[in-house]
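Here is the structure we will look at.
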Amino acid sequence: AQTVTQSQPEMSVQEAETVTLSCTYDTSESDYYLFWYKQPPSRQMILVIRQEAYKQQNATENRFSVNFQKAAKSFSLKISDSQLGDAAMYFCAYRAIQGAQKLVFGQGTRLTINP
Amino acid sequence: NAGVTQTPKFQVLKTGQSMTLQCAQDMNHEYMSWYRQDPGMGLRLIHYSVGAGITDQGEVPNGYNVSRSTTEDFPLRLLSAAPSQTSVYFCASSYLRRTNTEAFFGQGTRLTVV
């Protein structure tokens, strides 16, 4: 079975600085998707960024980018120029290409932004 | 755009009571699922459905029932609530046969069993 591990329960960063959230996963599949979701205090799950495993290029969405290391099964999220609105719980998630659309989530990292 | 609608947003139950969490989506998604979120454990899959009349168990199905009579609705039933079912519950939906499809989540239900 696939597993996703986020080893940082909490992280904090000064406003305007850069922070990196770590995620590792385990799978025997060669093709899959990886996601980062943001959950602010409102509880809403918001998709931040996605990566397709067959694409070597790292995904980027404005201030959010990933470092995808397929061989190491690592998928970290970098947030540049951190803003107060980035404070939230962040979840890393895995989904296989084949079969049902089951998402496997990591434990989450709570990010605090210090003004 | 309604998206995925979950009701209620908050609920307190007594041990042994039953209730149904409602989930509806208006995007014609084939795939629907229920997750529970507990501190330090992320979101774990309870049950899922790939279409009307088809359901299957996820990682933590015990104590929960589901049915899918229509494409739009996927209710989650707690038959006899237990304190261990205190959690935040999320419904999600997505297309099944499209690549790179995004999952859409409801706003969650915070359930407390006393």
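No experiment lies behind these values; they were computed from the predicted model shown. Atoms considered below: every heavy atom in the structure, side chains included; atoms not considered: hydrogens, waters and symmetry mates. Letters go in sequence order (proteins before strands), and every chain restarts at 1.
Crowding of A:R110 atom CZ: a count of heavy atoms from other residues, nucleotides or ligands under 6.0 Å not exceeding 12. Heavy atoms from other residues, nucleotides or ligands lying under 6.0 Å from NZ of A:K78 number 12 at most. In this structure, A:K38 places its NZ atom where more than 12 heavy-atom neighbours from other residues, nucleotides or ligands lie under 6.0 Å away.
Proximity to chain A (any heavy atom under 4.5 Å) is restricted, for B:Q37, to the side chain, taken from C-beta onward. At a 4.5 Å heavy-atom cutoff, B:R44 makes no contact with chain A through either its backbone or its side chain. Interface remark: B:S49 contributes no atoms to any contact with chain A (heavy atom separation under 4.5 Å). At a 4.5 Å heavy-atom cutoff, the contact between B:L43 and chain A is made by backbone and side-chain atoms alike. Looking at A:Q6, neither its backbone nor its side chain comes within 4.5 Å of chain B, counting heavy atoms on both sides. Looking at B:S94, the atoms closer than 4.5 Å to chain A (heavy atoms on both sides) all sit in the side chain, from C-beta outward. Interface remark: B:F104 contributes no atoms to any contact with chain A (heavy atom separation under 4.5 Å).
Here the straight-line distance linking atom CZ of A:R43 with atom NZ of B:K9 works out to 8.5 Å at 0.5 Å rounding. Between B:E102 atom CD and A:Y33 atom OH the span is 12.5 Å, to the nearest 0.5 Å.
Counting only distance, with no hydrogens or angles, the side chain of B:Y35 and the backbone of A:F105 share no donor-acceptor pair below 3.5 Å. Put simply, the side chain of A:Q44 gets close to the backbone of B:F105: a donor and an acceptor are under 3.5 Å apart.
The two atoms that bring B:G42 and A:F91 nearest to each other are CA-CE2, 3.6 Å, heavy atoms only.
Between chain B and the options A:I46, A:V4, A:L47, the largest number of non-hydrogen pairs under 4.5 Å is found for A:L47.
Hydrophobic clustering, with ILVMFWY side chains joined whenever heavy atoms are under 4.5 angstrom apart, groups A:F68 together with A:W36. Both A:L34 and A:I79 are part of a single hydrophobic cluster, where members link through side-chain heavy atoms under 4.5 Å apart. One hydrophobic cluster, built from ILVMFWY side chains closer than 4.5 Å, holds both B:I46 and B:L78. Neither B:W34 nor B:V50 shares a network with the other; the hydrophobic side chains, linked directly or stepwise wherever heavy atoms of I, L, V, M, F, W or Y lie under 4.5 Å apart, form separate groups for each. Hydrophobic clustering of Ile, Leu, Val, Met, Phe, Trp and Tyr side chains at less than 4.5 Å, counting indirect connections, keeps A:Y32 apart from B:L96.
Applying the side chain to side chain donor-acceptor pair (under 3.5 Å) definition to pairs two or more places apart or across chains, those involving residues 55-64 of chain B are B:R36-B:Y64, B:Y48-B:D56, B:Y64-B:Y89.
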